[in-house]
Amino acid sequence: MTGCCLPLLCAPPSPSMSNATAITPTREKDFPEWYQQVVRAADMAENSEVRGCMVIKPWGYGLWENIQRQLDAKFKETGHVNAYFPLLIPLSYLEKEAQHAEGFATECAVVTHHRLEAQKQEDGTTKMIPTGELAEPFVIRPTSETIIGAAFARWVESYRDLPLLINQWCNVMRWEMRPRLFLRTAEFLWQEGHTAHETEEEAITETRTMHKVYEEFLRDHLAIPVIPGEKTERERFPGAVQTFTVEAMVQDKKAIQAGTSHYLGQNFSKAANIQFLGRDNTRQFAYTTSWGVSTRMIGTLIMAHGDDDGVIIPPRVAPNQIVILPVTPKPETRDEVIAACEALAKTLRAQTYAGEPLRVHVDKRDLQGGAKNWEWIKKGVPMRLEMGPRDITSRSVAVCRRDQGPKAKEFVPKEDLIRSVVERLEEIQDALLARATALRDSNMKKLETMDEFKAFFAENSEGGFALMHWAGSSDDEETLSKELKVTIRCIPLGDQYAEEGKCFLTGKPSSRRVVFARSY
RNA sequence: CGGGGCGUAGCUCAGCCUGGUAGAGCGCUUGCUUUGGGAGCAAGAAGUCGUCAGUUCGAAUCUGGCCGCCCCGACCA
């Protein structure tokens, strides 16, 4: 912890510091440190005693559960079913696809023993010594293409067995050198879809379908606009023929890959021997795909929507969409106020938003009102409602929206609120998407020359997404990325990027712009 | 894994240079006061100073190894 050096700034802002923010430092001042502080202030996750592995706390895990449930529904709608495969992968499986093996080799945790032996030490303590060395070590899955491929090889015999449309929700492990809560941890939670198809065309359609599912989920559920596109060869998933990505811009104007969908061609089916007898009575290799999103999406959400008072969670995925704060200035009216809050919560829970019952919490803890209020601001609950003795008399409720300032408060007749609450949540959801879209669009520029490009990514400039004509090679891309710390995030899909021009590096003709940015 | 910074109470840190075995603020507990608000006063609980070894009569403080965390880089969802 190097930031936050002034003791004065470390204390929570006092009421007299009217311009103070709940989070120190601000985004402007030190974005990476702001991120760390926000995750902690929102009580979403913490570093654990295990290197690189986080503890996801209830508020963070509740968000993940909502993401999981809503995405899972979309997977089911598109014909997929869930299954579960082993955590441990025989080492030899990873050797089957050369590029794939090479891609993950440097970040694998390896299991080499299967038992421990207690050994008494002279000082009375006990040491556990690994024994029972395995004939073949296992790798803790960094991804499951190989082991699911082996299962698919057993399951597929005829074209009639295809397509296989499987998804798995699980944890994976990649021994990252520089972990960061949610964004890059040694162990993380994700879903990985794996499918096998009879034809190339069908597999490509599947890849694009899931790519679209991610794009829509991020936009409609997480209120994050993304640029869907294809990765260049340099950035492709190890072993894939094509990798599609959804790239989001967060508030420091860097890009973050929020989801990927890979067309694997026959690379993995040949490696795992996924063969079937086709309609023409010949043995053929299946065409496979894989696609995934991870808990990194939570980090993306925090960086996309958070402000200097903490996290802001879009209503659709918030663990609690509404928190009711009873105002209890006098002990003698406390019971009455709590009862009124509970009654309101019950009425609200009977309503649905985006097909799910409203998630309403009444915070009855015996704490100062202000402390409670700020806690929920930092956690990013979309809507706070306050109700006290005066409101009961006037039949009104104080409504605070997290997408507005911490002091913004609107007194609304209770019946009106009940009638309009879903609409209000929708407004917050829309406002967050609009805000994130405006941020992205105002920091995305079409540039033509190398000078413009260099100025855009210069040390002290804002940066952002640079839309460039590109016809360079992988080596050109490598050189450029080393020099300016930017990469091609994707070759975006969509007509708005298709136009004739000249590559800003080589001068060769180009028919489409690509997105350059610094990235996570 | 390379460069830099840092590990002292739950959190943020002071003390280390000039060795004599611990402090502050916030948080926590209790009491009183206060109450549309991250409040005030008082009392209290809480740390084998990351870890292992060395130097020393004596180590948070000096030396070395290891582990971990943070920032930058390489790598990556």
Side-chain angles (χ1 to χ4, degrees), chain A residues 1-17 20 22 24 30-33 35-37 40-41 46-53 102-107 142-143 172-192 214 231 235 237-238 243 245-248 256-262 290-300 309 325-331 333-334 337 366-378 384 386-392 396 398 400 406-407 409 411 478 481-482 485 487 519-520:
Chain A
M1 215 58 52
T2 50
C4 197
C5 43
L6 300 169
L8 191 79
L9 294 178
C10 291
S14 69
S16 58
M17 300 165 74
T24 307
D30 184 349
F31 196 81
E33 179 63 19
Y35 176 79
Q36 300 273 130
Q37 296 301 330
R40 191 157 61 135
E46 62 186 20
N47 281 313
S48 72
E49 46 282 84
V50 182
R51 193 204 155 274
C53 297
E102 218 172 287
F104 287 101
T106 57
E107 48 189 42
T143 178
V172 289
M173 179 157 271
R174 298 180 188 177
W175 210 261
E176 295 294 346
M177 287 300 136
R178 210 180 124 200
R180 277 235 262 158
L181 289 174
F182 290 121
L183 297 174
R184 197 189 298 107
T185 47
E187 181 189 14
F188 57 94
L189 305 182
W190 79 344
Q191 63 61 220
E192 46 181 329
Y214 290 152
K231 285 292 188 189
E235 300 269 326
F237 176 74
T243 287
T245 176
V246 284
E247 296 286 326
I256 182 162
Q257 180 172 326
T260 50
S261 184
H262 314 290
S290 70
W291 29 275
V293 298
S294 71
T295 37
R296 173 182 246 202
M297 237 169 16
I298 295 177
T300 306
D309 290 320
L325 299 159
V327 180
T328 54
K330 295 188 189 96
T333 55
R334 191 185 143 83
V337 169
D366 182 24
L367 284 178
Q368 291 259 154
K372 259 195 235 184
N373 195 32
W374 278 104
E375 194 179 305
W376 290 110
I377 290 172
K378 287 185 278 193
R384 306 185 305 281
E386 297 176 2
M387 210 163 44
R390 293 213 291 268
D391 306 305
I392 293 176
S396 68
C400 305
K407 303 279 187 236
K409 192 187 281 195
F411 287 87
E478 177 86 19
S481 85
K482 284 257 159 69
K485 295 171 198 159
T487 47
S519 75
Y520 276 90

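Values reported hereafter were calculated over all heavy atoms of this structure, with side chains retained and with hydrogens, waters and symmetry mates removed. In the text below, chain A, chain B and the rest are named by the order of the sequence lines, each starting its count at 1. Note that the structure is predicted; figures quoted are calculated from it, not measured.
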If [N] has a Watson-Crick or G-U wobble mate with both distances under 3.5 Å, name it; if not, just say none.
N      : result
B/rC11 : B/rG25
B/rC62 : B/rG54
B/rA42 : B/rU30
B/rC75 : none

[N] versus [M] - spacing of their [atom1] atoms, nearest Å:
N      : M      : atom1 : answer
B/rC13 : B/rU8  : P     : 9 Å
B/rU18 : B/rU61 : C1'   : 10 Å
B/rC16 : B/rA74 : P     : 39 Å
B/rG23 : B/rA46 : P     : 14 Å
B/rC41 : B/rU48 : C1'   : 35 Å
B/rG73 : B/rC17 : P     : 36 Å
B/rA59 : B/rA22 : P     : 12 Å
B/rC70 : B/rU30 : C1'   : 38 Å

Hey, is the side chain of A/R40 poking within less than 4.0 Å of OP1 or OP2 on B/rU12, counting only N and O atoms?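 Affirmative; the distance criterion is met.
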
For a quick check, with a 4.0 angstrom heavy-atom cut-off, what is the B/S/- contact string for nucleotides 72-77 of chain B, read 5' to 3'? BBBBBB

Measure from [atom1] on [X] to [atom2] on [N] and round the result to the nearest Å.
X      : N      : atom1 : atom2 : value
A/E386 : B/rG37 : CD    : P     : 8 Å
A/K372 : B/rG36 : NZ    : C1'   : 12 Å
A/Q36  : B/rC71 : CD    : C1'   : 10 Å
A/L367 : B/rG27 : CG    : P     : 12 Å
A/E375 : B/rG37 : CD    : P     : 18 Å

Below 3.5 Å between N/O atoms, which protein atoms pair up with nucleotides 31-34 of chain B? Just atom names and distances, please.
none

Is there a donor-acceptor pair under 3.5 Å between the side chain of A/T295 and the backbone N or O of A/F188?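 No, because the side chain of A/T295 does not come within donor-acceptor range (under 3.5 Å) of the backbone of A/F188.
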
Can any side-chain N or O of A/Y214 pair as donor or acceptor with the backbone N or O of A/G292 at less than 3.5 Å?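 Confirmed, A/Y214 side chain pairs with A/G292 backbone.
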
How many angstroms lie between [atom1] in [X] and [atom2] in [Y], if you round to the nearest 0.5 Å?
X      : Y      : atom1 : atom2 : result
A/R174 : A/S294 : CZ    : OG    : 8.5 Å
A/H262 : A/T143 : NE2   : OG1   : 7.0 Å
A/L183 : A/I298 : CG    : CD1   : 10.5 Å

Verdict with reasoning, A/R296 to A/R180, per side-chain contact (heavy atoms from CB on, under 4.5 Å): CA-CA 10 Å; A/R296 173 182 246 202; A/R180 277 235 262 158; over 6 Å; no

State which residues pass salt bridge (Lys or Arg N to Asp or Glu O under 4.0 Å) with A/E176; sequence neighbours excluded, sorted by chain then number.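 Partners of A/E176 by the salt bridge (Lys or Arg N to Asp or Glu O under 4.0 Å) criterion come out as none, since no residue qualifies.
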
Whether A/R384 and A/E375 form a salt bridge (side-chain N of Lys/Arg under 4.0 Å from carboxylate O of Asp/Glu) is what I want to check.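 Salt bridge: no.
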
Go through A/V327 and A/V337 one step at a time and tell me if the side-chain contact (heavy atoms from CB on, under 4.5 Å) criterion holds. CA-CA 7 Å; A/V327 180; A/V337 169; 5.6 Å; no

For the base of B/rG68, is there a side-chain donor-acceptor partner from A/N47 under 3.5 Å away?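 Between B/rG68 and A/N47, which were checked side chain against base, a qualifying N/O pair under 3.5 Å is absent.
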
Would the number of heavy atoms belonging to other residues, nucleotides or ligands and lying under 6.0 Å from CD of A/E478 be above 12?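 Yes, the 6.0 Å shell around CD holds more than 12 heavy atoms from other groups.
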
Looking at the side chain of A/K409, which of B/rG38, B/rU12, B/rG37 is the nearest nucleotide?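 From the listed options, B/rG37 comes nearest.
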
